[in-house]
Amino acid sequence: MSDAPPVTLDEWESAARAILPPGVFHYIAGGAGAERTLAANETAFDRWTIWPSMLRASGDPDPSTSILGTPFAFPVGIAPWAFQWQVHPDGEAGTAHAAAALGVPMCVSSTVLEGLEDVTASGAALWWQLYIWRNRDATADLLRRAEAAAYRALVWTVDVPALGRRHRDTRTGFALPLGPAGTPQEFDPDLSWDDLTWIRAQAPSLPVMVKGILRPDDARAAIDHGADAIVVSNHGGRQLDRAPASIDALPGVVEAAAGRVPVLVDGGVRDGADVLIALALGAAAVLVGRPTAWGLAVGGRSGVEAVLTFFRDGFRSAMANAGCRTVGDITRDLVRPG
């Protein structure tokens with residue numbers, strides 16, 4: 001491996017693979033089934049081109065935005081991903097400090113139980129990932145803790161009625177730690193949209209984002225039941241193979257939302273131009289998970305900062321060269337298929 005620091009995400013991933021135990025690397029990198037959806041998340045962006053506008057005084061763009069009262073220095077947030085201590089001793093606290101340094105929010109995985117309050121010391125804008133467990137009393141207690149700890153939103157992840165079949169984990173023998181609450185064995189498999197009312201009753205001050213939506217009718221149902229935002233996501237290709245790429249599902253969900261709530265998207269975002277494409281297709285922001293895992297593995301907190309900086313600088317460059325002075329200038333006419 002070269003002594004030069006990684007630059008692109010491919011380089012960060014390669015460097016992380018050289019460091020991490022095979023089981024941990026493939027748990028993060030892998031997807032469900034034959035990994036068709038995992039691959040599609042990235043290749044789907046290749047079907048879009050950016051058609052820039054000239055002479056728009058866009059050479060020094062402002063990439064900032066805000067969603068549900070959470071400020072973004074640029075429209076990239078950190079998606080939830082579990083057991084970060086397996087990747088680097090800095091763990092979730094290191095990722096949160098990186099998020100604070102770059103001015104973007106972090107969605108904290110529901111597997112962070114003992115350190116739920118400790119992560120807030122980073123000063124980052126934090127969202128809490130919610131899975132509803134079989135033990136409703138324990139779930140309610142955690143929701144109240146998140147509210148008391150000044151988390152800014154709940155991100156209810158709804159696309160894990162059963163754990164996806166991940167063949168890489170079978171081959172490596174990797175298994176999640178047994179015992180801690182928050183692992184898939186604890187998830188309630190029998191949920192409905194009515195559970196959104198129950199969530200609100202436990203933490204009434206927190207807006208609720210529904211993560212894992214791909215269909216327009218599900219988007220309408222989420223909004224009709226009181227969702228404050230939607231995250232278009234196929235769980236990074238880790239749940240149902242042959243599900244659509246997130247960016248392919250985004251326009252239909254945006255149309256169904258009809259401006260009533262913000263729509264975010266995750267899956268396959270690899271650089272700043274991808275962020276611009278997602279916003280042009282109607283997303284308010286994107287979330288990234290694996291890229292921050294590679295940064296954490298290679299450099300701890302500073303590695304996550306470097307990866308986020310890569311996205312920030314790439315997005316600002318894409319904005320400037322596409323003729324966009326602000327995020328509001330990123331409109332649908334900027335992108336076309338082909």
Side-chain angles (χ1 to χ4, degrees), residues 6-9 12 45 48 50 52-53 56-81 94-108 122-127 152-153 155 209 211 229 231-233 246-247 250 254 262-296 299 301-332 334-335:
V7 176
T8 68
L9 289 189
W12 280 101
F45 279 95
W48 293 96
I50 300 171
S53 294
R56 299 300 179 95
S58 59
D60 185 21
D62 175 6
S64 65
T65 189
S66 178
I67 298 173
L68 299 180
T70 297
F72 290 66
F74 55 102
V76 176
I78 299 178
W81 56 282
T95 301
H97 279 286
L102 271 293
V104 298
M106 172 187 177
C107 183
V108 179
S122 66
L126 300 178
W127 299 337
R152 297 184 180 220
V155 181
M209 305 181 182
K211 180 178 182 291
V231 182
V232 176
S233 175
S246 296
I247 202 68
L250 174 64
V254 168
V263 176
L264 297 82
V265 66
D266 69 14
V269 180
R270 302 288 290 181
D271 58 28
D274 289 346
V275 179
L276 188 141
I277 289 169
L279 267 62
L281 293 175
V286 306
L287 302 179
V288 296
R290 289 183 181 94
T292 62
W294 310 143
L296 187 67
R301 168 184 171 175
S302 64
V304 180
E305 290 186 16
V307 167
L308 292 173
T309 299
F310 169 79
F311 277 109
R312 181 198 65 193
D313 294 351
F315 179 63
R316 291 190 78 252
S317 175
M319 284 183 68
N321 286 294
C324 302
R325 291 180 295 174
T326 70
V327 167
D329 295 330
I330 303 173
T331 52
R332 180 62 178 80
L334 277 175
V335 297

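Being a predicted model, the structure only gives us computed values, none of them experimental.
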With sequence neighbours left out, write down each residue that passes salt bridge (charged side-chain N to carboxylate O under 4.0 Å, His left out) with Asp274, or none if nothing qualifies. none

Across all chains, not counting sequence neighbours, the side chain to side chain donor-acceptor pair (under 3.5 Å) partners of Thr65 are none

Please list, chain by chain and in numerical order, all residues satisfying ring pair (Phe, Tyr, Trp, His ring centres under 6.0 Å) with Trp12, sequence neighbours excluded. none

Does anything in residues 276-294 pair up under side chain to side chain donor-acceptor pair (under 3.5 Å), and if so which pairs, sequence neighbours excluded? Trp81-Thr292

Which residues share a side-chain contact (heavy atoms from CB on, under 4.5 Å) with Ala284, sequence neighbours left out: Ile67, Pro262

Could you check if a side-chain atom of Ile78 sits within less than 4.5 angstrom of a side-chain atom of Trp127, using non-hydrogen atoms only? no

Counterpart residues, side chain to side chain donor-acceptor pair (under 3.5 Å), relative to Ser64 (two or more places apart): Asp62

side-chain contact (heavy atoms from CB on, under 4.5 Å) partners for Ser122, two or more places apart: Ala96, His97, Ala124

Side chains of Phe72 and Val327, heavy atoms from C-beta outward: is any pair under 4.5 Å? no

Which salt bridge (Lys or Arg N to Asp or Glu O under 4.0 Å) pairs, counting each pair once, include a residue from residues 315-328, with sequence neighbours left out? Asp60-Arg316

For the residue pair Pro63 and Val275, establish whether any side-chain heavy-atom pair is separated by less than 4.5 Å. no

Residues which pass side chain to side chain donor-acceptor pair (under 3.5 Å) with Arg301, listed by chain and number, not counting sequence neighbours: Glu305

Contacts of Arg270 meeting salt bridge (charged side-chain N to carboxylate O under 4.0 Å, His left out) (sequence neighbours excluded), chain-then-number -> Asp10, Glu13, Glu42

Can you tell me how far the CE atom of Met319 sits from the CZ atom of Arg56, to the nearest 0.5 Å? 13.0 Å

Under the side chain to side chain donor-acceptor pair (under 3.5 Å) test, residues paired with Thr331 that sit two or more places apart: Asp333

Is Arg332 reaching over with its side chain to a backbone N or O of Val335, donor-acceptor style, under 3.5 angstrom? yes

Would you mind reporting whether Leu102 and Thr309 have side-chain heavy atoms less than 4.5 Å apart? yes

Residues which pass side-chain contact (heavy atoms from CB on, under 4.5 Å) with Val254, listed by chain and number, not counting sequence neighbours: Leu250, Val263

Return the CD1 to CZ distance between Ile330 and Phe315, rounded to the nearest 0.5 Å. 3.5 Å

